[in-house]
Amino acid sequence: MDLALLRTFVTVHRAGSFTRAAALLGLSQPAVTSQIRTLERQVGRPLFLRQARGVTPTTIGDELAHKAAPHLDALVEIAESGLEEDSSLRTLHLAGPPEFTAERALPALTELTGEDGQGFALRASFGTADEVLEGLAAGHHDLAITTVRPRGALLSATALCDEEHVLVAAPGWAERIGVATLRRDGPAALERVPVVEVHESLPFVARYWAAVFDSRPVCPGTVIVPDLRAVLACAAAGAGLAVLPRYLCEGALECGEVVALYEPAVPPLRTYFLAVRTGTLAMPHIARAHEWLERAAADWC
């Protein structure tokens, strides 16, 4: 079986589209289509179901991808390492949510970028869970940090750590609301308090309300900023209440810039996963970064 055909097949499987695969491979879409048809004739079965937007692998297609992808990745590793005189020139591509990646993962991984003969160059990109997993499957990233466990056989994931969420606001808001009032009235005491969030759908506040109060938030977001660090800054400035990861607001809590409005018996948690393409942990630089992050995460929980 032609390795070039398998490479095209795996790229289509990961990209979910002939068009995206063609762009990744530097080929025309008709060339990709022709190669997939050739491979389907060799296999004797259809590998993809054509749809209006992209393609979906058949059962045979999934099985072939699961078997072929790790070996193709290993061959790429061999080819690339053979062209490099120093393993420290390897580049690790990491993707994840901006705040967690910047505050947790990158500081840990920079220890592996030194000149110890085993280091690597590091490139990071930020995105939503769907974006980083799609990029990982397409081969744009080597490691992905995500709050969504990936499905399917082409990606595998390891639970990295749990993130505790805290309901916070500036001290002035805590005084206006009153801790006793909040304990007595629950979310009703917060209905007139502005909300600072990362999206109009209030993902952090809604998750907290559901887990702690068994209800939905009433007030719409007053300040919407797409970064939790900006949410913290706005909350500390008195813009309203916010739900934040404890690791991110711990310093602000300690110095009194914000206060915890409520301390539930069981705080809401969110799990982070460390995802890779199946088989790529055979690559030394990916395996080392994966292991290093797992060890570092033991101190984050």
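Here, residue 1 is the first one in the sequence, and each next residue gets the next number.
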Inset, instruction - Name all residues meeting the salt bridge (Lys or Arg N to Asp or Glu O under 4.0 Å) criterion together with Arg207; count only those two or more places apart in sequence or in a different chain, and write none if there are none. - result: none

Legend entry - Flag, side chain of Ser34 to backbone of Pro30, donor-acceptor distance under 3.5 Å: no

Inset, instruction - State, yes or no, whether a side-chain contact exists between Val55 and Gln51 at a heavy-atom distance under 4.5 Å. - result: no

Inset, instruction - Could you list the residues that satisfy side chain to side chain donor-acceptor pair (under 3.5 Å) with His141, not counting sequence neighbours? - result: none

Inset, instruction - Return the minimal non-hydrogen interatomic distance between Leu182 and Leu261, and the atom names on each side. - result: CD2-O, 2.9 Å

Inset, instruction - For the residue pair Phe9 and Phe48, categorise the inter-ring angle as parallel (less than 30°), tilted (30 to 60°) or perpendicular (more than 60°). - result: tilted

Inset, instruction - Using modelled atom types only, decide if a donor and an acceptor are shared between the side chain of Gln29 and the backbone of Phe18 within a distance under 3.5 Å. - result: no

Only pairs under 3.5 Å count here: list side-chain donor-acceptor contacts from residues 173-180, not counting sequence neighbours, and write none if there are none.
residue, atom, partner, partner atom, Å
Trp173, NE1, Gly238, O, 3.0

Legend entry - Distance-minimising heavy-atom pair for Thr58 and Pro46: OG1-O, 2.8 Å

Inset, instruction - Mind listing the closest non-hydrogen atom pair of Ala287 and Leu281 along with its distance? - result: CB-O, 3.3 Å

Legend entry - For the student: nearest non-hydrogen atoms of Ala297 and Leu160, plus distance: CB-O, 3.4 Å

Inset, instruction - State whether the side chain of Asp142 and the backbone N or O of Ile286 hold a donor-acceptor pair below 3.5 Å, judged by distance alone. - result: no

Inset, instruction - Would you kindly confirm whether Ile145 and Leu112 end up in one hydrophobic cluster when ILVMFWY residues are joined by side chain heavy atoms under 4.5 Å apart? - result: yes

Inset, instruction - List for me each residue that meets salt bridge (Lys or Arg N to Asp or Glu O under 4.0 Å) alongside Glu250, sequence neighbours excluded, and say none if there are none. - result: Arg246

Legend entry - Beyond-backbone contact of Leu64 with Leu39, side-chain heavy atoms, under 4.5 angstrom: yes

Inset, instruction - Output all residues satisfying salt bridge (Lys or Arg N to Asp or Glu O under 4.0 Å) with Glu99, sequence neighbours left out; order by chain, then residue number. - result: none

Inset, instruction - May I ask you to decide if Leu136's main-chain N or O and Arg277's side chain share a donor-acceptor pair within less than 3.5 Å? - result: yes

Legend entry - salt bridge (Lys or Arg N to Asp or Glu O under 4.0 Å) partners of Asp227, counting only residues at least two apart: Arg229

Inset, instruction - Give a yes or no on whether the backbone of Pro245 and the side-chain of Glu164 come within a donor-acceptor separation of less than 3.5 Å. - result: no

Inset, instruction - Look at the side-chain heavy atoms of Ile, Leu, Val, Met, Phe, Trp and Tyr, link any pair under 4.5 Å apart, and say whether Leu92 and Leu106 land in one connected group. - result: yes

Inset, instruction - State which residues pass ring pair (Phe, Tyr, Trp, His ring centres under 6.0 Å) with Trp209; sequence neighbours excluded, sorted by chain then number. - result: Phe213

Inset, instruction - For Arg192, enumerate each residue passing the side chain to side chain donor-acceptor pair (under 3.5 Å) test, keeping only those at least two apart in sequence or located in another chain. - result: none

Inset, instruction - Output all residues satisfying side chain to side chain donor-acceptor pair (under 3.5 Å) with Thr181, sequence neighbours left out; order by chain, then residue number. - result: none

Legend entry - Listed partners of Phe100 passing ring pair (Phe, Tyr, Trp, His ring centres under 6.0 Å), at least two apart: Tyr247, Tyr272, Trp300

Legend entry - Test item: Thr280 side-chain N/O and Val276 main-chain N/O as donor-acceptor pair under 3.5 Å: no

Inset, instruction - Answer yes or no: is there a donor N or O on one side and an acceptor on the other, between the side chain of Glu63 and the main chain of Ile60, under 3.5 Å? - result: no

Inset, instruction - Please identify each residue that fulfils ring pair (Phe, Tyr, Trp, His ring centres under 6.0 Å) with His165, with sequence neighbours left out. - result: Phe204

Legend entry - Cationic N near anionic O, under 4.0 Å, Glu111 to Arg295: no

Inset, instruction - List for me each residue that meets side chain to side chain donor-acceptor pair (under 3.5 Å) alongside Ser201, sequence neighbours excluded, and say none if there are none. - result: His199

Legend entry - For the student: nearest non-hydrogen atoms of Ala236 and Val258, plus distance: CA-CG1, 3.7 Å

Legend entry - Backbone N/O of Pro107 and side chain of Thr110: donor-acceptor pair under 3.5 Å: yes

Inset, instruction - Can you establish whether the number of heavy atoms outside Arg151 located under 6.0 Å from its atom CZ is more than 12? - result: no

